[in-house]
Amino acid sequence: MSKTVVLTGIKPTGMPHLGNYLGAIRPALQMADEENTEARFFIADYHSLNSVRDPATLRSYIHEVAAVWLAAGLDPEKVLIYKQSDVPETFELTTILMAFTAKGLMNRAHAYKAAVDVNREKGQSDDHQINMGIYTYPVLMAADILLFDTDYVPVGKDQVQHIEMAQDIAGVVNHNYKKDLLVIPKARVDEQLMTVPGLDGRKMSKSYGNHIPLFSPEKKLRKTIMKIVTNSQGLDEPKNPDTCNVFALYKLFADVAEQKVLAERYRAGGMGWGDAKVALFEKLNAEIGPMREKYNSLMADPSQIDAILADGSARARKVAAGTIRRLRDAVGVS
Ligand code: TRP
């Protein structure tokens with residue numbers, strides 16, 4: 001039986017936060033560990049080029065994001081990790097897919113529409129600061145996915161439309177050539193882990209400024225956790241764990257027995273918010289601490305990262321070459 005292919009792309013845009021770790025990184029790595037699964041995780045660096053225009057910044061984002069995934073437990077022996085820009089077959093497939101992608105489909109992309117809306121609000125022309133990379137973003141993303149005969153794409157809710165567009169485009173190609181040339185991918189959204197609360201209780205997001213960076217020095221992490229907003233109940237008062245931001249985060253790292261113990265301390269009274277935050281910090285640091293060390297050692301010598309990515313790209317290109325041969329044959333250019 002052939003293995004299920006799970007693929008996801010990671011846009012290098014700076015240090016991920018705890019919400020990214022819990023909502024994307026940790027579940028994707030768990031999925032990669034499932035039986036009969038072939039996992040492929042890549043760094044979508046050309047997707048970032050649409051907005052990151054400084055070469056040193058882009059280079060360091062690429063190293064950072066690769067180091068984060070490796071530190072979080074990605075085993076490059078088992079999971080293929082590579083850089084999109086190192087697999088030129090992606091761009092050949094993009095060109096092929098362009099011919100089958102309705103312009104109207106791109107007009108409907110949420111991210112593009114949001115950019116147009118911002119322009120209208122500001123009284124700018126619709127096209128202001130929108131480049132073709134942004135406009136055709138979903139086609140490049142479809143190529144990333146379809147190039148590897150992907151069955152499942154683990155993504156957040158915001159990316160589901162892009163997967164539907166990849167399905168749509170692949171369907172048009174298959175229909176035209178009357179065969180299953182491209183595997184129709186499915187999105188896998190982990191509903192349970194969708195909302196990780198930030199410091200103020202709203203969804204954790206860099207744009208809200210309420211995020212906890214995944215790897216900051218231990219002292220800084222502790223300080224950040226101390227900033228989590230709680231109510232003004234005094235030390236002695238019994239507290240409700242179910243309405244508390246600190247407890248909500250604790251739950252995402254602790255097992256059921258540990259959750260029960262802390263919940264009892266809340267309800268009993270005599271535990272201040274500082275104590276709850278220390279409990280969270282310790283739990284968090286126990287999981288993140290060893291990863292932080294690995295991250296720091298990779299970043300201290302990024303040539304280790306480059307070697308892993310180079311090896312991954314070489315292996316990825318072998319798979320990609322097969323798909324491109326199939327497509328070239330089918331369309332009639334070979
Ligand atoms: N668009 C995705 C994001 O913003 C990144 C991405 C690019 C991706 N290509 C992909 C995700 C292919 C899944 C599959 O996060």
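All ligand and atom numbering here is 1-based and tracks the order in the structure. Everything numeric in this text was worked out from a predicted model, so none of it was measured.
Of all atoms in ligand 1, listed by their number and element, those nearer than 4.0 Å to a heavy atom of K11 are 4 (O). For ligand 1, the atoms sitting less than 4.0 Å from at least one non-hydrogen atom of V153 are 13 (C), 14 (C), numbered in the order shown with element in parentheses. Those atoms of ligand 1 with a heavy atom of A44 less than 4.0 angstrom away are 7 (C). Near H47, with a cut-off below 4.0 Å to any heavy atom, the atoms of ligand 1 are 7 (C), 9 (N).
A salt bridge does not link R325 with E92: none of the charged nitrogens is closer than 4.0 Å to a carboxylate oxygen. In summary, R315 and D311 engage in a salt bridge, as defined by a charged side-chain N under 4.0 Å from a carboxylate O. For the pair E258 and K251, the salt-bridge criterion is not met [side-chain N within less than 4.0 Å of a carboxylate O]. A salt bridge does not link E218 to K220: none of the charged side-chain nitrogens sits closer than 4.0 Å to a carboxylate oxygen.
Between the side chains of Y61 and D45, no donor-acceptor pair is found at a separation under 3.5 Å.
The two residues Q233 and K239 have their closest heavy-atom pair at OE1-CG, 3.4 Å.
In this structure, Y82 and F148 have tilted ring planes: the angle between them lies in the 30° to 60° band.
With a 4.0 Å heavy-atom cut-off, ligand 1 is reached by the side chain of F42 but not by its N, CA, C or O. Residue Q84 does not touch ligand 1, judged by heavy-atom distances below 4.0 Å. Contact annotation: for L140 versus ligand 1, there are no heavy atoms closer than 4.0 Å.
Around the CD atom of Q129, the shell of radius 6.0 Å holds no more than 12 heavy atoms that belong to other residues, nucleotides or ligands.
Looking at D144 next to ligand 1, an N or O pair under 3.5 Å apart turns up.
The nearest heavy-atom contact from the protein to atom 2 (C) of ligand 1 is Q159 OE1, 3.3 Å. What sits closest to atom 13 (C) of ligand 1 on the protein, heavy atoms only, is G9 N, 3.3 Å. Protein heavy atom closest to atom 4 (O) of ligand 1, with residue, atom name and distance, is Y137 OH, 3.1 Å.
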